[in-house]
Structure formats: structure tokens, C-alpha cells
Amino acid sequence: MDVSHILDHLNDQQREAVTSEKKHLMVLAGAGSGKTRVLVHKIAWEVEALRRNPASIMAVTFTNKAALEMRSRIEELLETPIMDGWVGTFHGLAHRMLKRFHKEAGLSNSFTILDSDDQLRIIKRISKELGFDESLWPSRQSQWQINAWKDEGFRSDSVDDKGDYFKETINKVYKEYEKACLRDNLVDFGELLLRSYEVIKENSLVKDFFHSRFKSILVDEFQDTNTIQYNWLLEIASAETSITAVGDDDQSIYGWRGAKVENVESFTKTFEDTEIVRLEQNYRSTNIILGAANALIENNVDRLGKNLWTDKLEGEPIILYQAYNEQDEARFVADILKDWMNKGEMYSDAAVLYRSNAQSRALEEALLRSSIPYRIYGGQRFYERMEIKNAIAYLKIIFNNSDNPAFERSISNPTRGVGEKTLAKIRSTANKYNISYIKASAKLIDEGSIGGRGGTGLKSYLEFIARCKEFIEENPLSDLMEEIIKTSGLSAFHGKEPGEKGKTRVENLEELISATTNFEQSVREEKTYKEIAEDYLDMISLDSGDRQASEHDDAAQLMTLHSAKGLEFKLVLITGLEETLFPHGRSMENPAQLQEERRLCYVGITRAMEKLYITYAESRRLHGSDTFNPPSRFIKEIPKALINEIRPRAQTHIPYNRKDFKETKLEFEDEIGISLGQRVLHKSFGEGVVLNYEGSGDSARVQINFDQAGTKWLVLSYANLEKL
DNA sequence: ACCTTCTTTCTTTTT
DNA sequence: GAAAGAAGGT
């Protein structure tokens with residue numbers, strides 16, 4: 001067969017990667033160097049040149065979106081649909097494995113996937129039952145720690161908590177949480193991976209299945225793998241399996257949620273027969289933009305090393321704008337976008353990036369004022385909305401009696417007189433007889449042990465669920481969905497919430513009905529109504545829907561730097577480059593975290609194809625008070641020659657806040673005797689400049705940027721500062 | 001069970 | 001300054 005078409009449009013490095021004959025392959029793919037291209041072509045190469053069965057290839061990604069894109073690009077290149085291919089996300093593939101081998105995994109065939117909301121609710125209950133004070137031991141924190149342990153591969157009995165009071169305490173919650181999950185057949189996201197890792201490791205039948213089937217595993221965004229994902233991959237691979245890992249250590253920005261860049265290095269060390277290919281030619285950005293990115297990232301140590309180059313034009317200089325405050329910054333952004341459009345460009349080719357979501361408000365207001373259409377990424381996703389989750393809970397309980405979280409959610413939304421007390425009764429009965437909550441409720445009703453409001457409500461609920469079960473035998477999913485939303489009283493319940501909120505909720509519920517209609521129409525095979533509904537539930541359990549609004553309008557894109565990864569835009573504006581904001585204050589002390597911030601900045605810069613703007617504000621209203629932060633250190637790390645700095649125009653543009661600034665400054669000076677910007681001397685930290693303050697009297701604290709020691713908050717009455 | 005008021009917190013986010 | 005969550009009152 002002629003396979004040249006696979007190699008035709010690749011550069012030397014890309015071709016080297018695709019045709020590499022070593023057993024394993026590590027592709028260090030710089031931003032915009034065509035990494036997905038290599039991944040897709042590598043698969044095509046294995047199928048067409050090496051004559052591998054497509055079913056023997058596994059391709060793993062992190063997001064559903066990436067998996068979908070990879071699949072369709074492979075199909076496009078091979079000109080044939082992949083029928084039984086294991087192309088998907090880590091969690092999706094682990095889920096598939098656990099469904100197939102549920103017996104071996106010690107799960108029932110209808111285990112429930114717990115999202116983080118449900119997980120938190122269960123942890124809260126356990127924490128309470130153990131008598132922990134929520135304010136001392138916040139459940140959120142316990143949840144975080146438990147998930148971190150799972151990501152590291154620890155079960156509660158293997159956690160090393162000896163002598164660590166904090167860990168010992170949370171591990172008590174973990175232990176109970178494990179029990180509860182086991183009893184109710186609940187599997188959280190971390191558990192999908194941990195459990196499937198354990199099964200394949202310990203069960204030879206499962207191991208044989210994977211080892212004999214998969215000859216090649218390809219992993220995207222390898223720098224984002226955490227410990228359990230890495231080990232999971234190593235378990236799935238047999239001694240004969242070749243692994244292709246594609247990643248970029250410079251774009252590792254998820255260390256805070258357990259991702260280990262070190263996996264890149266340990267992979268090449270563990271497997272001797274690994275070819276390392278660097279993709280360094282960038283097809284995206286101008287020379288100037290790339291120069292800035294390269295110079296910035298040079299400041300990180302521990303890099304694997306890589307220097308992007310391009311044969312594109314120099315391009316225009318990067319523009320740096322110093323704004324008075326966040327409003328001025330936003331206005332500037334709006335002006336630039338207007339200009340962009342007036343030059344005949346599309347808004348949708350422009351992105352405005354920021355470090356944290358809170359920054360979007362000022363930008364949105366300015367864009368709204370200038371009537372610039374924008375689309376904002378972030379915020380809640382469709383299947384995470386409360387009203388949607390409530391409706392879905394009904395669907396879940398109809399198809400799975402033992403889905404206790406779905407029972408709890410549906411029984412109390414809408415409220416029907418069944419409160420905490422009745423629920424406690426149901427829970428204890430269920431535990432006593434080892435039955436599901438819904439069976440326990442039926443039992444209690446039959447026994448007549450629940451009377452009054454609770455009894456009536458519970459009874460009609462059970463009848464409703466029973467009716468729905470019959471309904472789906474003869475009717476499509478979308479009709480059932482409509483029945484649930486209308487007849488259960490959910491629509492009315494959410495509709496009477498105050499203000500716009502209630503209206504949107506009802507609209508979303510309507511939207512859910514059409515979502516199910518769409519799903520039905522996309523099903524190709526002959527399936528019963530019931531099967532389609534079950535597929536739908538499976539689909540949404542690992543895909544929380546889109547987070548963006550209407551696709552079609554020509555709108556400027558607003559998003560955090562994190563969500564910009566993997567995207568590209570002709571015009572990029574990175575806003576809020578101020579110390580404490582970006583790099584974020586919480587990451588400034590720790591060198592590893594600071595490097596991650598720098599990589600985040602690198603990701604931001606490398607999103608730009610043609611034109612890059614960087615802005616920062618002298619003063620910014622944050623958490624209700626004005627802050628004055630110096631420009632980000634990242635700005636200084638970009639060579640001056642690549643930057644064109646522009647300052648605000650006429651003084652008349654000075655906004656009101658400027659006045660407030662002076663007033664607070666004066667007040668503060670009167671009271672405390674120190675003003676912002678004042679240089680001071682501290683006994684141990686040396687010289688520094690006052691950046692910010694809060695509080696008054698004895699509790700007043702000042703933030704000082706010391707020349708040597710960095711930025712610190714000090715209580716003024718103890719600091720003994722000397723004015724210089 | 002529901003509503004109101006107070007307190008607390010304020011990075012990033014996929015599955 | 002605002003949103004979310006807890007606590008307390010009806």
C-alpha cells in the first residue's frame with residue numbers, strides 16, 4: 001500500500017517521530033509545533049505501514065474534546081471509521097474497563113459515578129457523623145486531600161499519616177468515605193483510575209486482556225499525567241507494548257492538581273529503548289512573539305530544554321500598556337478590539353486572557369459598553385447546573401434503584417415534606433437491611449412507620465418513579481425527560497425562584513429536553529428506548545457539557561490562561577500582569593509554583609499568532625479594596641527590544657478611582673504614619689517599599705516588597721519599621 | 001421546611 | 001464587594 005500520503009506534509013522532526021523504529025517514543029512538542037498532527041499521523045502510520053490492527057492501538061487524552069478531535073482526525077486520515085478503538089480520556093477508558101470487568105473489580109454492573117458535588121455531600125455527612133467541626137475541618141479540604149491521596153495511589157490503609165495530626169484526622173474521614181462508597185457502589189473520578197489500576201495489577205484475567213490486546217499506546221499531554229495515570233499506563237502496557245508519549249514540559253500548568261512533569265523524565269529513564277524527538281519548529285507565531293516566549297521560559301530551571309524557532313516574519317512588536325486601574329485596562333482592551341474589527345478582522349480571532357476569573361467582570365463591562373460581542377469561557381457547565389442535576393437525578397434513579405445519591409437529590413427537589421429526619425430513618429433502615437434507599441423507603445411506607453407530611457410525600461414520589469419506569473418501556477427518552485421535568489414539579493419548583501434566576505432555570509430545563517432529543521437523533525444503531533437512555537446517562541457521567549455559549553456569533557473570546565491552553569488566536573491580550581495577581585500571590589513564595597506561573601505566562605504568550613498585547617494596572621480593585629502592585633516580574637523577563645511600551649493618553653482620562661486612591665492614602669497616612677510607596681527599613685528583611693495595607697489601629701497590616709526578602713505582610717505594630 | 005441574616009473567603013479545573 | 005455557606009429564627 002502507498003503510505004507516502006501519511007508522511008507528505010510533515011517536517012523532518014515530525015517525520016522522524018512518526019516513523020521512529022525504537023520501541024518507545026517521547027515527543028517533546030513545543031507550542032504550535034504540530035503535536036496532535038504527529039499523534040494522528042503516527043496512528044495512521046502504525047495502521048497502514050506497520051499493518052497494525054486499529055483495535056490494538058490505544059490513544060489517551062485528558063479531555064473529551066481532545067479525544068473527540070483525535071478520533072475524527074484519525075478517521076479523516078484513514079478514511080474509515082474506527083469501530084472498536086480505545087480512543088478516549090483516562091477516565092473514559094478506565095470507566096470502560098471497569099464496566100467490562102466489574103466483577104473482577106468488586107463492583108456491581110451498575111455502579112454510580114460520583115461527581116465532585118455528590119462526593120462533597122457524602123464527605124460532609126461523614127465528617128458530621130464523626131463529630132468533626134466543619135469550621136475546623138472543612139469538608140472541602142478533606143475532599144481535596146482524599147482526592148490527592150487517590151491521585152497518588154493511596155487507599156486509606158496505605159496513607160502514611162503516622163504522627164501527622166492533620167493527615168490522621170482526614171484519613172479517618174477517608175476510611176469512612178471508602179466504606180460508604182463500597183457499600184453503595186459509588187465510584188468517584190479518582191477511584192475510576194485507582195480501581196482500574198488495582199484490578200489490572202492484581203487480576204491476571206484482566207491483565208491478559210490488556211496485555212494481549214494492545215500493541216501500542218499513545219498519550220497526549222503527557223506532562224499533565226499524575227502518579228496514578230502514569231502507573232495505570234505502565235500496567236496496561238505489556239513488555240511488548242510500545243508507548244508514544246507527547247508532551248511539553250514548558251506547558252505543564254496543572255501541578256497544583258497532582259500532575260507530575262517529572263513523569264516525562266522518568267519515562268525516558270525507565271524505558272531505555274526510547275527515542276526522544278523534539279519538535280521545535282513553530283508554525284503559529286511571529287518571530288517576535290516566539291522570542292518573548294523563549295526568553296521568558298529561559299528563566300525556569302529544570303527544563304528539559306527546547307528552543308522554538310519559526311521561519312515566519314519578525315512581526316509587530318509586543319505592546320505593553322500601563323493602565324491606571326482595571327477599568328482603564330478594560331477600556332484599553334475594548335479600544336484595541338474595536339480597532340481590530342475596524343481593520344477588517346474578526347472578533348473571534350481575538351482572545352483576552354487573565355489569571356483568575358474575577359478579573360473578567362471589569363472586562364465584560366467595558367466590552368458591553370463598547371457593544372463588542374464576547375464569549376466568556378468558564379463558570380458553570382451545563383450538566384453541572386443545579387436544576388439540570390436535579391432532573392438527571394430522576395433519570396438516574398429510574399434506571400438504577402441503588403443510586404442513593406440520585407435518590408437523595410430527587411427526593412428533596414422539589415421539596416415534598418421529606419426532610420433530614422425522614423431521610424435519616426431511610427438511611428438507617430437501608431444500612432440495617434443492606435438495601436437501597438429507595439427499597440428502604442418502600443419498606444418503611446409498607447410498614448406504615450412514616451406518617452404525616454413525610455409519608456405522603458414519599459409515597460407519591462415512589463409512585464411517580466414507578467410510573468416513569470413503565471413509561472420508558474414504550475416512550476422515548478426525551479418524552480420521559482419532559483414528563484420528569486413537568487410532572488415531578490421540578491419546573492414549577494425552580495420557576496418560583498426569585499428574579500432572573502428562576503427564568504433561566506426553567507429555560508435550562510427546556511434546553512435539557514432538547515438535548516435529549518438531539519441525543520436520540522444521533523443514535524445510529526437499533527436500540528430500545530431504555531438502552532438509549534442508559535447510553536445517555538453514561539455519556540453525561542463523564543462529560544459535563546460545554547462551557548461556552550452560542551458558537552456562531554463573531555465574538556471576542558474571554559478566558560483564563562489555563563483554559564487557553566491548546567488554542568490559538570491571531571490577536572491575544574494578556575491582562576493583569578501585576579505581582580500578586582500574576583504570578584499569583586499564593587504561588588510567589590514557592591519556587592516550583594513560581595515556575596509553574598511562568599509556564600502559564602509562556603502558554604499565554606504562545607497562544608498569539610500575529611499580535612500580542614500585555615497590560616497591567618497601577619491600581620486594581622480586588623476583594624473590595626484597592627491594591628497597588630508593581631508590574632509582574634514576567635514583563636521584565638521579556639527583552640526590551642521586543643516591546644513597545646505605551647502609556648495612558650491625556651490626564652483627563654483619569655478615572656474617579658484615582659481620587660479615592662488619594663483619599664484613602666491620606667487617611668491611612670494620618671492614622672498610621674506610613675504611606676503607600678514609602679521606603680522603609682526592617683531589622684531582618686532590610687529595605688523595602690510599602691505596597692498595600694489593611695485594617696487599622698493595632699491590627700493594621702502592611703504589605704512590603706523587600707528588595708531582598710520579597711513581598712511580605714507585616715503587622716505594623718510589631719514590625720518596627722523605620723521610614724527612609 | 002423555608003427564609004433571613006451573619007460570617008467567611010476570595011487561583012487555576014478535568015473527569 | 002459579592003457570593004456562598006452556615007447558623008438561627010419563624
Side-chain angles (χ1 to χ4, degrees), chain A residues 60-67 88-95 113-121 124 128 133-135 138-141 144 147 150-151 187-194 221 224-226 228-229 252-259 353-362 377-381 383-384 386 412-423 452-454 457 493 496-498 501 539-545 547 559-566 576 580-588 593 596-597 599-601 603-604 621-627:
Chain A
V60 197
T61 64
F62 277 85
T63 65
N64 291 302
K65 198 174 147 208
T89 63
F90 276 100
H91 293 88
L93 298 179
H95 180 220
I113 295 181
L114 223 48
D115 66 20
S116 31
D117 254 25
D118 295 337
Q119 184 188 37
L120 181 61
R121 195 161 303 131
K124 260 191 183 145
K128 207 170 186 177
D133 182 351
E134 183 68 30
S135 56
S139 295
R140 274 192 184 285
Q141 185 179 262
W144 176 271
N147 287 335
K150 289 199 177 196
D151 286 348
V187 174
D188 60 44
F189 292 132
E191 185 74 23
L192 282 170
L193 285 156
L194 180 53
E221 305 277 16
D224 289 338
T225 51
N226 62 29
I228 194 70
Q229 286 159 341
S252 156
I253 54 174
Y254 288 110
W256 52 273
R257 65 177 195 212
L353 309 181
Y354 36 81
R355 174 68 238 262
S356 61
N357 285 307
Q359 287 166 252
S360 72
R361 169 163 298 188
Y377 289 66
Q380 265 202 328
R381 303 161 91 199
Y383 288 107
E384 279 167 2
M386 200 217 290
S412 33
N413 294 290
T415 49
R416 43 168 68 79
V418 179
E420 203 37 56
K421 266 193 160 161
T422 317
L423 221 45
R453 225 177 300 265
F493 174 67
K496 69 172 200 286
E497 286 184 62
K501 213 173 187 171
M539 191 270 291
I540 60 174
S541 67
L542 289 173
D543 188 351
S544 39
R547 48 167 67 241
M559 68 189 87
T560 63
L561 286 144
H562 281 91
S563 24
K565 193 170 90 160
T580 334
L581 199 66
F582 189 29
H584 195 272
R586 297 207 168 179
S587 305
M588 290 197 312
Q593 287 182 37
E596 183 156 309
E597 295 282 314
R599 291 193 292 265
L600 190 56
C601 188
V603 166
R621 226 176 152 67
L622 221 68
H623 316 317
S625 59
D626 285 314
T627 53

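By convention in this document, chain letters (A, B, ...) are assigned in the order of the sequence lines, proteins followed by strands, and residues within each chain are numbered from 1.
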d(CH2, A:W144; C1', B:dT14) in whole Å
12 Å
Determine the contact category for A:S541: base if any of its heavy atoms lies under 4.0 Å from a base atom, sugar-phosphate if only primed atoms, P, OP1 or OP2 are that close, otherwise nothing.
nothing
Students often get this wrong, so: under 4.0 angstrom with heavy atoms, is A:K565 touching a base, only sugar-phosphate, or nothing?
nothing
Can you tell me how far C1' in B:dT12 sits from the matching atom in C:dG5, rounded to whole Å?
22 Å
So, is A:S116 close to the B:dT15 phosphate, meaning a side-chain N or O under 4.0 Å from OP1 or OP2?
no
Could you go through the side chain to side chain donor-acceptor pair (under 3.5 Å) check for A:Q359 and A:S356 one step at a time?
CA-CA 6 Å; A:Q359 287 166 252; A:S356 61; 3.3 Å; yes
Pair A:Y254, A:N226 - check side chain to side chain contact (heavy atoms under 4.5 Å, CB included), show working.
CA-CA 9 Å; A:Y254 288 110; A:N226 62 29; over 6 Å; no
Determine if A:H91 stacks with B:dT15; use a centre-to-centre distance below 5.5 Å and an interplanar angle below 30° as the criteria.
no
Scan A:N64 against the nucleic acid and name what it touches under 4.0 Å (heavy atoms): base, sugar-phosphate only, or nothing.
sugar-phosphate
Should the side chain of A:R355 and the base of B:dT12 be counted as holding a donor-acceptor pair, with the cut-off at 3.5 Å?
yes
Would you mind pulling out the nucleotide paired to B:dT4, Watson-Crick or G-U wobble, both distances under 3.5 Å?
C:dA7
For B:dT5, is chi within 90° of 0 (syn) or not (anti)?
anti
Separation of B:dT14 atom P from A:I253 atom CD1, nearest Å, is 11 Å
Identify whether any heavy atom of A:E597 sits under 4.0 Å from a base atom; if not, whether one sits that close to sugar-phosphate; answer base, sugar-phosphate or nothing.
base
Describe the nucleic acid contact of A:G417 in one word from base, sugar-phosphate, nothing, applying a heavy-atom distance below 4.0 Å.
sugar-phosphate
Would you call the rings of A:W144 and A:W256 parallel, tilted or perpendicular if under 30° counts as parallel and over 60° as perpendicular?
parallel
Pick base, sugar-phosphate or nothing for A:R599, based on heavy-atom distances below 4.0 Å to the nucleic acid.
nothing
A:E134 side chain to A:S139 backbone, donor-acceptor under 3.5 Å
yes
Could you state the CG-C1' distance from A:D188 to B:dT14, rounded to the nearest angstrom?
14 Å
Using only atom types and a distance under 3.5 Å, with no angle test, would you say the side chain of A:R599 pairs donor to acceptor with the backbone of A:S252?
yes
Using the rule side chain to side chain contact (heavy atoms under 4.5 Å, CB included), only one of A:L600, A:N357, A:V603 pairs with A:H562; which is it?
A:L600
I want to verify a distance call: between B:dT13, B:dT14, B:dT11, whose nearest atom is closest to the A:H562 side chain?
B:dT13
So A:N147 and A:F189, side chain to side chain contact (heavy atoms under 4.5 Å, CB included) or not? Walk me through it.
CA-CA 9 Å; A:N147 287 335; A:F189 292 132; over 6 Å; no
What is the distance, rounded to the nearest whole Å, between atom CD of A:E596 and atom P of B:dT13?
13 Å
For B:dT15 and A:R257 - does any side-chain N or O of the residue sit under 4.0 Å from the phosphate oxygens OP1/OP2?
no
Please report the C-alpha distance between A:L561 and A:Y354 in whole Å, then the side-chain angles of each, then the deciding distance to 0.1 Å, and finally whether the side chain to side chain contact (heavy atoms under 4.5 Å, CB included) criterion is met.
CA-CA 6 Å; A:L561 286 144; A:Y354 36 81; over 6 Å; no
OP1 or OP2 of B:dT13 less than 4.0 angstrom from a side-chain nitrogen or oxygen of A:T560, does that happen here?
yes
I need the CZ-P distance between A:F90 and B:dT14, as an integer number of Å.
16 Å
Name the pairs: protein N/O against N/O of nucleotides 2-7 of chain B, kept only if under 3.5 Å.
residue	atom	partner	partner atom	Å
B:dC2	OP1	A:T415	OG1	2.2

For a quick check of understanding: with a heavy-atom distance under 4.0 Å over all strands, which category does A:V418 fall into, base, sugar-phosphate or nothing?
sugar-phosphate
Per-pair stack call A:H623 and B:dC10, 5.5 Å, 30°
yes
Distance (rounded to the nearest 0.5 Å) between A:R140 CZ and A:K124 NZ:
6.5 Å
Between B:dT13 (P) and A:K65 (NZ): distance, integer Å:
13 Å
note: A:W256, atom CH2; B:dT14, atom P; distance rounded to Å ~ 8 Å
What are the 5'-most and 3'-most nucleotides of DNA chain C lying under 4.0 Å from any heavy atom of chain A?
C:dG1 to C:dA6
Say you pick atom P in C:dA4 and the same atom in B:dT13; how far apart are they, in whole Å?
16 Å
Both A:T422 and A:L600 contact DNA chain B. Which one's nearest nucleotide lies toward the 5' end?
A:T422
Once you round it to whole Å, what is the distance between P of B:dT14 and CD1 of A:I540?
17 Å
So what does A:N357 touch, heavy atoms closer than 4.0 Å: a base, only the sugar-phosphate, or nothing?
sugar-phosphate
Base-pairing assignment for B:dT11 (Watson-Crick or G-U wobble, both under 3.5 Å)
none
Side-chain donor/acceptor of A:H584 to backbone N/O of A:R355, under 3.5 Å:
no
Okay, side chain of A:E221, backbone of A:F62: is any donor-acceptor separation there less than 3.5 Å?
no
Please answer whether the main-chain N or O of A:L542 pairs with a side-chain N or O of A:N64 as donor and acceptor at a distance below 3.5 Å.
yes
